[in-house]
Number of protein chains: 2
Amino acid sequence: MKVTIKDIAREAGVSVATVSNVLNGKGRVSAETAERIQRIIAEKNFVPSTLARGLKNKNTQLISVIVPYLKRGNFEENPFFWQLISGVEMGTKDHKFNVMLTRVEQDNDLSFVQMHNVDGLIVVGIDADSELYRSILALKIPTVFMDSYIDQPGLYQVHNDDLLGGYLGTKHLISQGHTKIVLVVGKLADRGVDFQRLLGYKKALAEAGLAYDARLVLENGGSMLGGYHAAQKLISLPEKVTAAFVLSDIGAMGLIKGLYEMGKEVPADLSVVGYDDIFYSEYTIPSLTTIRQDIFKKGKMAADLLLAQINGEPVTEKNILLPVELKVRASTAKIL
Amino acid sequence: MKVTIKDIAREAGVSVATVSNVLNGKGRVSAETAERIQRIIAEKNFVPSTLARGLKNKNTQLISVIVPYLKRGNFEENPFFWQLISGVEMGTKDHKFNVMLTRVEQDNDLSFVQMHNVDGLIVVGIDADSELYRSILALKIPTVFMDSYIDQPGLYQVHNDDLLGGYLGTKHLISQGHTKIVLVVGKLADRGVDFQRLLGYKKALAEAGLAYDARLVLENGGSMLGGYHAAQKLISLPEKVTAAFVLSDIGAMGLIKGLYEMGKEVPADLSVVGYDDIFYSEYTIPSLTTIRQDIFKKGKMAADLLLAQINGEPVTEKNILLPVELKVRASTAKIL
DNA sequence: AGTAAATGGTTAAACCTTTAATCAAAACTG
DNA sequence: CAGTTTTGATTAAAGGTTTAACCATTTACT
C-alpha cells in the first residue's frame with residue numbers, strides 16, 4: 001500500500017532510525033549509506049507522513065487562515081480576501097507548509113486547530129473586543145493578525161498604512177477643489193482599519209482648514225450593495241457634496257453604479273476615490289482612482305512572519321506597516 | 001499541556017479504551033460512565049487529535065481543492081474560483097471536514113496528499129491529457145472533477161450545462177438580430193468547458209441558418225487583460241461584427257473596457273454577453289448580460305459528492321449536470 | 001601496544017488513538 | 001445451584017515517525 005519508512009529501511013538494509021536520520025540530516029550516517037537511502041526514497045517515491053511526524057514533533061506544516069464570519073457573499077465578493085490568501089499560500093509554499101482555509105462562524109468554533117494540530121494562524125480583520133479574539137489568544141499558538149490594529153504589545157501584526165491611505169485619498173480630492181467630501185465606511189468603530197483611515201481623512205481636512213462633519217460619514221458601505229445604497233443616502237444629504245471617498249473598491253463600484261442609475265455621472269457630477277486597488281479598479285468605467293495596497297504582498301508578509309514565529313527565528317519587527325500609494329485614474333476630476 | 005485522551009481517562013477513572021469508545025459510540029459502556037466521560041470531555045475541552053486518529057484509521061477529515069497552475073493573477077482575479085472554493089468549504093463544514101487550498105505548479109507536485117493523508121480531492125478544470133491528471137489518478141484516492149469533461153466512465157464529475165450555456169447566449173444575440181457574432185474563448189481545445197460552449201454556439205448558429213466562421217473565434221480572452229486585448233482583435237476583423245459572446249465575465253469586462261477606450265459603446269455599437277454571472281456583473285456599467293451558473297452551489301455539490309465517495313455511500317449519479325440560465329441585462333440590445 | 005576518541009550504526013521508547021481480544025462480574029437460564 | 005449469556009470494562013498491539021541512549025568498530029594518539 002503506502003510506502004513507509006520501514007519499507008525504505010528494509011530495502012536499504014538499515015534500521016528505520018538511520019533512514020529517519022538521513023531524512024532529517026541528523027545523527028551520523030556515512031555518505032554512501034545516505035546516498036543509497038536517498039536513491040531508494042526517490043525510487044519508491046516515499047513521502048514521510050506528516051501525521052506520524054506531527055504526533056512525535058508537535059508540528060504539522062499546516063497553517064490556517066481564519067476569516068471571521070461575514071455574511072455570505074460579502075466574503076466571496078471581495079477579491080481582497082482572496083488576494084490575501086493567495087499571498088499567504090505563496091509565502092508558505094516554498095517552506096513546504098500548507099494552508100487550510102477556515103471560515104469561523106458565530107459559534108467561534110476553533111476546534112479544528114487542536115484537531116489538526118495546526119502550527120499557526122493568520123487572522124484577518126478581527127475585533128480585539130470579540131469573543132473570537134479571546135479564543136484565539138487562549139490557543140497560545142503562533143499567530144499573525146492582519147488589519148486588526150490590536151493595541152497590545154508583543155503581538156505579530158501586519159497592516160498597511162491605513163492612516164496614510166485615508167490621508168492621501170482625502171488630500172487628493174481636496175487638491176482638486178472638493179470641500180464637501182463624503183466618507184463611506186464599512187463599520188465605524190473606535191479602532192480598526194476604517195478608524196485609522198478616518199483619522200487620515202480628518203487629518204487631511206484639518207490641514208486644509210476644512211471642518212469635519214460627522215454627517216458626511218456614511219456607514220455600511222463596505223460591500224457592493226452597501227455602496228449602492230450609499231448612493232441614495234449621499235444624494236439625499238442636505239448639503240451638496242462633490243466627492244466621495246469609499247473605503248473599499250467594491251463599495252466604490254456599488255456607489256458609482258447607484259449614482260449612474262440616478263443619472264449622476266462620475267466624475268462629472270461626483271468624484272469617487274476607492275480603496276484597495278483590486279484587479280477590477282483599472283477596468284471599471286470610469287477606471288477607479290484608489291488607494292493601492294499590495295494585498296498579495298501583505299499576505300506573503302504575514303506568512304513569512306508566521307513561519308519565523310513558528311520556527312522560533314528572531315524577527316526585527318513584529319509590527320509591520322506596509323506602504324500605500326495613491327493611484328489616480330479617471331473617477332476623480334477637478335471641480336469646476 | 002494539550003489535554004489528551006489519557007487525561008480524560010485518568011480523571012474519569014477508566015481506561016483510555018473506554019473513553020475512545022464513548023468518543024466513537026462503539027463498544028459497550030454504561031450510561032452513567034458515558035455521561036461522566038462526556039462531561040469531563042466538555043469540561044476539559046478535549047478534542048481528539050486527528051493526527052493520532054489518522055495514523056490508525058487512515059482518514060484525516062481533510063480534503064484538498066486543487067487548482068491547476070495558472071499564471072499569477074489570473075487565479076486571484078477570477079471570483080469564479082473563490083466562489084467555488086467557498087461553496088466547497090460550506091459543503092464540508094457541516095461534516096467536520098476541513099479544506100486545504102493547494103495551488104499545484106508546473107512541477108505537478110502532489111506530495112502534500114501523501115504527507116497530510118488527505119482524504120479526498122476536488123480538482124477544478126483539468127485537462128485529461130495532462131501529466132497532472134495522470135498523477136491525480138495514480139493517487140487512487142476519492143476525487144471529484146469539476147469543469148473538466150473527462151471522457152471516462154466511473155469518474156465523479158460536476159459540470160454546469162455548458163453546451164446549453166453556449167447555446168442560450170448565442171441564441172439571445174441572434175434573437176436580437178445579430179448575425180456576425182464573435183466568440184471570445186480562453187483556450188480552444190477539443191474538449192473541456194470552452195469546447196462545450198463552442199458546441200452550443202455552433203448549434204445556435206446552425207439552427208438560425210447562419211454559417212460558422214472560425215475566424216470569429218478569438219482565443220486567449222479568458223482573463224481581464226485577455227478580454228481587453230480581444231477588443232483590438234475584434235475591431236480589426238475584416239467583417240463588421242455587431243456582437244461578442246465572451247466566455248467569462250471578467251473577459252467581458254476587459255473587452256468592454258477595451259472597446260470603450262477605442263470609442264465604442266456597449267451595447268450601442270456592440271452587444272456583449274458574458275459567462276458566469278459573478279458578483280460584479282450586475283454592477284458594471286452597463287450591467288452585463290450573461291449566462292448564470294450557480295458557482296457556489298457547484299462547489300457545494302462537489303463537496304457533497306466527494307464526501308459521499310469518501311464515506312462509501314452510494315450515489316445515484318456520479319456525473320452531475322447543473323442548470324444554467326440566461327440573465328438579460330444592459331450590455332445587449334436589438335440591432336438597428 | 002594500549003587507550004581514547006570518532007564513526008556509523010541500532011534499540012527502544014514515545015507521541016495519541018483505535019480496536020480486537022480478553023476478562024470479571026452480574027444477570028439470566030432451567 | 002451450576003452453567004450460560006450479557007454487561008461493562010481492560011489490555012495490548014498497531015499505525016509511522018523521531019530521538020535519546022547505547023554499542024561495536026575503526027582510527028588516532030603517545
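All values below were derived from every heavy atom in this structure, side-chain atoms included, with hydrogens, water molecules and symmetry-related copies excluded. Each chain gets a letter, A, B and so on, in the order its sequence line appears, and its residues count up from 1.
- When each of A:Asp151, A:Asp162, A:Asp127 is checked for a salt bridge (charged side-chain N to carboxylate O under 4.0 Å, His left out) with A:Arg191, only A:Asp127 meets the rule.
- Computed from coordinates, the B:Lys56 NZ to C:dT17 P distance equals 14 Å when rounded to whole Å.
- Nucleotide C:dT18 holds its P atom 12 Å from the CG atom of A:Leu55, rounded to whole Å.
- In this structure, B:His159 contributes its side chain and B:Tyr149 its backbone to a donor-acceptor pair below 3.5 Å.
- Per the geometry, CE belonging to B:Met115 stands 16 Å off P belonging to D:dG16, to the nearest Å.
- Distances shown here put every side-chain N or O of A:Asn57 at or beyond 4.0 Å from the OP1 or OP2 atom of D:dT17.
- Contact annotation: A:Asn21 side-chain N/O to D:dT19 OP1/OP2 distance is not under 4.0 Å.
- Within 4.0 Å of B:Ser49, counting heavy atoms only, lie sugar-phosphate atoms of the nucleic acid but no base atom.
- OP1 and OP2 of D:dA20 both lie 4.0 Å or more from every side-chain N or O belonging to A:Lys26.
- For the pair B:Ile37 CD1 and C:dT17 C1', the computed distance is 15 Å after rounding to whole Å.
- Contact between B:Val88 and B:Ala303 at its shortest, heavy atoms only, is O-CB, 3.8 Å.
- For A:Ala17, whose side chain is taken as the heavy atoms from C-beta onward, the closest listed nucleotide among C:dT17, D:dT17, C:dT10 is C:dT10.
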* Could you give me the CA-CA distance, side-chain angles and deciding distance for A:Leu23 and A:Ile41, then say whether side chain to side chain contact (heavy atoms under 4.5 Å, CB included) is met? => CA-CA 9 Å; A:Leu23 238 28; A:Ile41 285 176; 3.5 Å; yes
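- Among the heavy atoms of the strands lying under 4.0 Å from B:Ser15 is at least one base atom, whether or not backbone atoms are also near.
- Atoms NZ (B:Lys6) and P (D:dT10) sit 15 Å apart, rounded to a whole Å.
- Taking atom CG of B:Asn117 as the reference point, atom P of C:dT17 lies 17 Å away to the nearest angstrom.
- Within 4.0 Å (heavy atoms only), B:Arg28 reaches at least one base atom of the nucleic acid.
- In this structure, A:Val14 reaches the sugar-phosphate backbone alone: every heavy-atom distance under 4.0 Å involves primed, P, OP1 or OP2 atoms, never a base.
- When heavy atoms are screened at a 4.0 angstrom cut-off, A:Ser20 is found touching base atoms of the nucleic acid.
- A:Ile5 has its CD1 atom 17 Å from the P atom of C:dA12, to the nearest Å.
- A salt bridge links B:Glu89 to B:Lys93: one of the charged nitrogens lies within less than 4.0 Å of a carboxylate oxygen.
- Between A:Asn59 atom CG and D:dT17 atom P there is a gap of 14 Å when expressed in whole angstrom units.
- Among the heavy atoms of the strands lying under 4.0 Å from A:Thr18 is at least one base atom, whether or not backbone atoms are also near.
- For A:Ser30, counting side-chain heavy atoms from C-beta on, the closest listed nucleotide (D:dT18, C:dT17, C:dG9) is C:dG9.
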